[in-house]
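In each ligand, atom 1 is the first atom listed, and ligand 1 is the first ligand listed. This one's a predicted model, so the numbers in the text were calculated from it and none came from an experiment.
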Amino acid sequence: MRKPIIAGNWKLNKTPHEAILLADELKRELVDTTGVDIVVCPPFVDLTDVSDALVDHDIAVGAQNVFWEDAGAFTGEISAPMLKDLGVKYVIIGHSERRQYFYETNETVNKRLRAALKHGLTPIVCVGENLAQRESNKTFDVVKDHCEGSLSGLTKDEIQKIVLAYEPVWAIGTGKTATPQQAQEVHIFIRQLLGKLFDDEIAGSVRIQYGGSVTPDNIVSLMAQADIDGALVGGASLKAPSFAAIVKGAKK
Ligand code: PEP
C-alpha cells in the first residue's frame with residue numbers, strides 16, 4: 001500500500017517573513033496529518049525559518065533544487081549536506097521550469113539525484129512532456145526518456161527511496177489539468193517502465209505524484225486513479241486553505 005504524498009512547490013514566492021506566516025497557517029489548518037505525507041518546498045532562503053516554524057509538526061520541508069558537489073568553488077550553488085543540516089528531508093529535482101529555463105538535462109538531473117540519495121534526502125524527480133510533444137504523440141517517448149535518463153544507474157535499493165512526479169508541462173500553472181484518465185495512462189506507463197528497469201515488486205512500491213494545476217476541486221478524482229499516489233502542487237500550495245483542502249482530499 002503506497003502512502004499518498006502531497007508536496008507544495010512554492011517556486012519563487014514568499015519572502016522569509018511571508019513564509020513563516022504561511023507555515024504557521026498550515027499548522028493550524030492541518031492538525032490531523034495521518035494517512036498522508038505532507039511536504040512544503042519553499043525557496044532556499046526560507047528553509048531555516050520554515051523548518052523552525054514546522055519543527056513540532058509532521059509537515060516535512062523540501063528544497064526546490066540541489067547541486068551535485070558537496071562543497072567547493074561553485075558560486076551560487078547549494079549542496080545536499082547544507083540542506084541536511086537545516087533539517088530538509090526532500091528535494092525537487094528536474095522540475096520542468098529548471099529543464100526549460102536553467103538548461104537541466106537528464107544527466108544533470110541524475111547527478112543531483114545521486115547527491116541527494118548519498119546524503120539521505122528524498123528526491124522528488126519530475127518528468128513530463130510539453131504541449132508540442134503531446135500534440136505530436138510523443139508523450140510516452142518523452143516520459144520514457146526522462147525516466148531512463150534521470151534514473152540511470154540507480155540500484156533497486158535506491159529507486160525505492162525516490163518519489164516520481166509526472167508533470168505534463170502544458171498543465172503546469174495553466175489551469176488546464178490533465179484529465180484523471182490522461183494522467184492515469186501515463187502513471188501506469190511509468191510503473192510498467194519501472195517494472196522493466198527494476199522489477200514489478202519495486203514498481204508497485206514507488207510513489208508517483210501527478211502535478212499540473214491540481215486544486216481542491218480535482219484532487220479527489222485524480223487520487224481515485226489506481227496509480228496516482230499524490231500531487232506536486234504549485235499555485236494552490238501558496239494559500240493554506242487550498243493546500244490543506246488538497247491534503248484532505250488526497251486521503252484515499
Ligand atoms: C508545479 O509547479 O510543479 C505545478 C504543478 O504547478 P501548478 O500546480 O501551479 O500547475
Undergrad: At the 4.0 Å heavy-atom cut-off, does Ala236 count as touching ligand 1?
TA: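 No, Ala236 has no heavy atoms under 4.0 Å from ligand 1.
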Undergrad: Okay, side chain of Lys27, backbone of Ala53: is any donor-acceptor separation there less than 3.5 Å?
TA: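 Yes, because the side chain of Lys27 sits within donor-acceptor range (under 3.5 Å) of the backbone of Ala53.
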Undergrad: Could you identify the single nearest non-hydrogen protein atom to atom 5 (C) of ligand 1 and state the distance to 0.1 Å?
TA: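 Minimum-distance protein heavy atom for atom 5 (C) of ligand 1 reads Glu167 OE2, 3.1 Å.
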Undergrad: As an exercise, identify every atom of ligand 1 less than 4.0 angstrom from a heavy atom of Gly211.
TA: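 Checking each atom against Gly211, I get 5 (C).
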Undergrad: Could you check whether Asp229 and His187, counting side-chain N and O atoms only, form a donor-acceptor pair closer than 3.5 Å?
TA: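 Judged by distance alone, the side chains do not pair up.
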Undergrad: When you group the ILVMFWY residues by side-chain heavy-atom contacts below 4.5 Å and let the links chain together, are Trp170 and Tyr210 in the same group?
TA: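 No, Tyr210 does not connect to Trp170 through the hydrophobic network.
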Undergrad: Could you tell me the residue and atom name of the protein heavy atom closest to atom 9 (O) of ligand 1, and the distance to it rounded to 0.1 Å?
TA: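 In this structure, atom 9 (O) of ligand 1 has Gly235 N, 2.8 Å as its nearest protein heavy atom.
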Undergrad: Using atom types as modelled and distance alone, determine if a side-chain donor or acceptor of Gln64 lies under 3.5 Å from a backbone N or O of Lys11.
TA: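 Yes; judged by distance alone, with no hydrogens or angles, the pair exists.
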Undergrad: Does ligand 1 have a heavy atom under 4.0 Å from the side chain of Ile172, from its backbone, from both, or from neither?
TA: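 For Ile172, the contact with ligand 1 is made by both the backbone and the side chain.
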Undergrad: Between Asp32 and Lys251, does any NZ, NE, NH1 or NH2 come within less than 4.0 Å of an OD or OE carboxylate oxygen?
TA: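 Salt bridge flag = yes for Asp32 with Lys251.
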Undergrad: Below 3.5 Å, N or O to N or O, backbone or side chain included: is there any such pair between Glu97 and ligand 1?
TA: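 Not met; the criterion fails.
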Undergrad: Please identify which atoms of ligand 1 are closer than 4.0 Å to at least one heavy atom of Gly173.
TA: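 Result: 7 (P), 9 (O), 10 (O).
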Undergrad: Which protein non-hydrogen atom lies closest to atom 1 (C) of ligand 1, naming both residue and atom, and how far is it?
TA: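 Protein heavy atom at minimum distance: His95 NE2, 3.3 Å.
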Undergrad: Any donor-acceptor pair under 3.5 Å linking the side-chain atoms of Glu104 with those of Thr108?
TA: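 Looking only at side-chain atoms, Glu104 and Thr108 do form a donor-acceptor pair, the distance falling under 3.5 Å.
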Undergrad: Does a salt bridge link Lys14 with Asp49, judged by any charged N lying under 4.0 Å from a carboxylate O?
TA: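 Here Lys14 does not pair with Asp49 in a salt bridge, since their nearest N and O are not under 4.0 Å apart.
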Undergrad: Pull out every atom of ligand 1 sitting under 4.0 Å from any heavy atom of Gly212, numbered as shown with elements.
TA: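 Listed by number with element: 5 (C), 10 (O).
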Undergrad: Would you say Ala171 contacts ligand 1, with heavy atoms under 4.0 Å as the rule?
TA: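 The answer is yes, since Ala171 has a heavy atom less than 4.0 Å from ligand 1.
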Undergrad: If I apply the N/O under 3.5 Å rule, does Thr174 come out as touching ligand 1?
TA: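 N/O-N/O distance below 3.5 Å does not exist for this pair.
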Undergrad: Determine yes or no for a side-chain-to-main-chain donor-acceptor pair under 3.5 angstrom, with Arg207 supplying the side chain and Lys3 the backbone.
TA: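 Between the backbone of Lys3 and the side chain of Arg207 there is a qualifying donor-acceptor contact (under 3.5 Å).
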Undergrad: Any N or O on Val233 sitting closer than 3.5 Å to an N or O of ligand 1?
TA: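 Among all N and O atoms of Val233, none is under 3.5 Å from an N or O of ligand 1.
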Undergrad: Is the number of heavy atoms from other residues, nucleotides or ligands under 6.0 Å of Gln181 CD greater than 12?
TA: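 Atom CD in Gln181 is packed in, count exceeds 12.
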Undergrad: So which protein heavy atom does atom 8 (O) of ligand 1 come closest to, and at what separation?
TA: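 Nearest neighbour among protein heavy atoms for atom 8 (O) of ligand 1, to 0.1 Å: Gly234 N, 2.8 Å.
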